[in-house]
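In what follows, every heavy atom counts, from backbone to side chain, and hydrogens, waters and symmetry copies are set aside. Numbers here are sequence positions counted from 1. Just so you know, these numbers come straight off a predicted model, no measurement behind them.
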Amino acid sequence: MKNSIKIFCLTTVFSMQLLTSCSDNVDANEPLEYPPIGSYNTSDDVNAGNLIAKWSFDNSIADSKGGLTGTGKNVAYTEGIKGQAFQGSKAQERYAVYNNATAVGALSSFSFSFWMKSGQTVPDGGAPGQGKGIQGIFSLVNPAGFWGGLNLFLENPDNARPNTLRLKMGIENKRVAWGGQGPIFNIDGAIDTWIQVVLTYDAVTSRYTVYKNGEKGTTSIYGTPYGPFTDLNGSCILYGDNPGGPDGSNANPNNAPLYGALVFATPNLSQLVIGSNQFSTSPSLTTTHGDEGWATDYAGLLDEMRIFKSALNASEVVALYKLEKTNR
């Protein structure tokens with residue numbers, strides 16, 4: 001027993017000396033090195049060669065990747081998931097407009113990644129006003145069209161799913177017969193909480209995929225008359241003409257062509273708006289019509305928005321989520 005006590009005491013003394021020696025060699029001002037996540041050390045490393053635009057909204061509306069500066073209207077910021085965030089409003093127009101966004105206008109495949117915190121949308125109910133209706137988040141502006149080339153917005157709520165955010169990506173492809181596609185991502189458990197969203201489209205396979213917090217959506221994609229799919233498992237194929245499949249499937253008995261490479265307009269589009277629809281700004285960014293009573297600006301928070309010119313794969317999506325979540 002005494003021998004055991006002596007060994008324990010000696011071991012304890014040695015351990016304390018070792019710890020003291022180690023602490024003497026650590027610079028308190030030296031940043032700690034974290035292990036890579038999926039071979040990436042920072043979020044900016046993920047598919048870096050295909051990143052074309054990035055907005056961190058750290059008291060600025062500038063795009064730190066593509067160099068777009070933008071012109072803001074009533075822009076405000078608040079605490080975000082990483083630094084500051086864009087703060088929308090139910091009572092006031094808030095958005096930013098960017099010119100010369102040629103890289104976005106030339107997209108064929110794409111990935112949109114961003115963090116959002118939003119309440120439920122409020123239908124206009126026959127009495128339109130600021131903060132009522134669908135909420136525009138992003139548009140690739142087409143000044144000669146009703147909709148832009150890309151239109152990201154929160155849809156009005158589904159009465160059967162009142163606690164679900166309905167995030168729609170409207171795509172206009174002038175190359176095919178069924179040019180207008182609008183898959184909706186039904187996001188459960190997303191009201192008034194920070195979530196990361198990634199939306200990808202691969203022009204080679206025509207596959208559209210949605211992710212929440214690094215994981216592919218489950219029973220979450222709902223189609224429109226331009227896409228006969230209902231509650232698919234986080235992914236669907238878009239077709240350039242009527243595929244003839246029944247609702248609830250992504251079948252293609254008509255052997256319709258794939259949606260394929262995107263052509264938003266000719267010549268290419270090059271203007272963006274963040275925080276609104278292209279027709280909800282003052283003045284409207286399209287010459288075809290002005291403000292619509294069933295639509296409004298985004299009222300929630302938006303942070304760490306990225307656009308890639310390729311479809312991120314699942315491992316890249318989860319790495320991006322984990323890195324951004326840990327402020328890397």
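A salt bridge links Arg161 to Asp188: one of the charged nitrogens lies within less than 4.0 Å of a carboxylate oxygen. A salt bridge does not link Lys117 with Glu79: none of the charged nitrogens is closer than 4.0 Å to a carboxylate oxygen. No salt bridge links Asp44 with Arg328; every basic N to acidic carboxylate O contact stays at or beyond 4.0 Å.
Judged by distance alone, with hydrogens and angles left aside, the side-chain atoms of Ser111 form a donor-acceptor pair with the main-chain N or O of Ser310 at under 3.5 Å. At distances below 3.5 Å, not a single donor-acceptor pair connects side-chain atoms of Gln271 with backbone N or O atoms of Asn100. Formation of a donor-acceptor pair under 3.5 Å by the Asp303 side chain with backbone atoms of Ile81 is found in this model. A donor-acceptor pair under 3.5 Å is formed between the side chain of Asp63 and the backbone N or O of Lys54. Ser206 contributes no side-chain N or O that, together with a main-chain N or O of Tyr239, makes up a donor-acceptor pair within less than 3.5 Å. For the pair Asn151 (side chain) and Ser139 (backbone), a donor-acceptor distance under 3.5 Å is absent. For the pair Thr281 (side chain) and Pro283 (backbone), a donor-acceptor distance under 3.5 Å is present. Under a 3.5 Å cut-off, the side chain of Asn50 and the backbone N or O of Phe308 do not form any donor-acceptor pair.
For Phe112 and Phe114, the distance between ring centers is not under 6.0 angstrom. For Phe86 and Trp115, the ring centers are positioned 6.0 Å apart or more.
Within 6.0 Å of atom CG in Asn254, more than 12 heavy atoms from other residues, nucleotides or ligands are found, so the atom counts as buried in its surroundings. Remark: Asn327 CG is packed, more than 12 non-hydrogen atoms of other residues, nucleotides or ligands lying under 6.0 Å away. When the shell of 6.0 Å around CD of Gln92 is examined, it contains more than 12 heavy atoms from other residues, nucleotides or ligands.
Judged purely by distance below 3.5 Å, without hydrogens or angles, the side chains of Ser276 and Glu93 never pair a donor atom with an acceptor atom. With no hydrogens or angles considered, no side-chain donor-acceptor pair links Ser284 and Thr286 at under 3.5 Å.
Exactly one residue among Arg94, Gln135, Gln130 makes a side-chain hydrogen bond (donor to acceptor under 3.5 Å, both in side chains) with Asp297. That residue is Gln130.
When side chains are defined from C-beta on, Lys212 counts as touching Ile187, because their heavy atoms get closer than 4.5 Å. Between Met116 and Ile195, some side-chain heavy-atom pair lies under the 4.5 Å cut-off. In this structure the side chain of Val273 reaches within 4.5 angstrom of the side chain of Val141, judged on heavy atoms. At least one side-chain heavy atom of Asn173 sits under 4.5 Å from a side-chain heavy atom of Val263. Within the 4.5 Å cutoff, side-chain heavy atoms of Leu167 are placed close to those of Leu152. Residues Tyr208 and Gln181 have side chains not in contact (no heavy-atom distance under 4.5 Å, counting atoms from C-beta outward). Residues Tyr211 and Thr200 have side chains in contact (heavy-atom distance under 4.5 Å, counting atoms from C-beta outward). Between Tyr259 and Ile237 there is no side-chain heavy-atom pair separated by less than 4.5 Å.
Taking CZ of Arg166 as the start and CG of Asn186 as the end, the distance is 6.0 Å to the nearest 0.5 Å. The distance from the CZ atom of Phe110 to the CG atom of Asp202 is 10.5 Å, given to the nearest 0.5 Å. The structure places CD of Gln278 at 7.0 Å from OG1 of Thr288, a figure rounded to the nearest 0.5 Å.
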Kindly determine whether Ser43 and Arg306 satisfy side chain to side chain donor-acceptor pair (under 3.5 Å), including the steps that lead there.
CA-CA 11 Å; Ser43 54; Arg306 302 170 190 260; 2.8 Å; yes

Is there a side chain to side chain donor-acceptor pair (under 3.5 Å) between Asn313 and Ser315? Walk through the geometry before answering.
CA-CA 6 Å; Asn313 61 43; Ser315 61; 2.7 Å; yes

Starting from the C-alpha separation in whole Å, work towards a yes-or-no answer on salt bridge (charged side-chain N to carboxylate O under 4.0 Å, His left out) for Glu304 and Lys325.
CA-CA 10 Å; Glu304 295 301 304; Lys325 187 179 180 181; over 6 Å; no

CA sep, side-chain torsions, deciding dist, call: Trp147, Phe279, ring pair (Phe, Tyr, Trp, His ring centres under 6.0 Å):
CA-CA 8 Å; Trp147 290 104; Phe279 48 78; 5.3 Å; yes

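The nearest pair of heavy atoms linking Ala62 to Trp55 is O-CD1, 3.5 Å. Shown here for Tyr98 and Leu68, the closest heavy-atom pair between the two residues is CD2-CB, 3.8 Å. Taking all atoms of both residues into account, the shortest heavy-atom contact from Thr296 to Gly133 is CG2-O, 4.0 Å.
Taking the salt bridge (charged side-chain N to carboxylate O under 4.0 Å, His left out) definition, one finds that Glu316 meets it with nothing, sequence neighbours left out.
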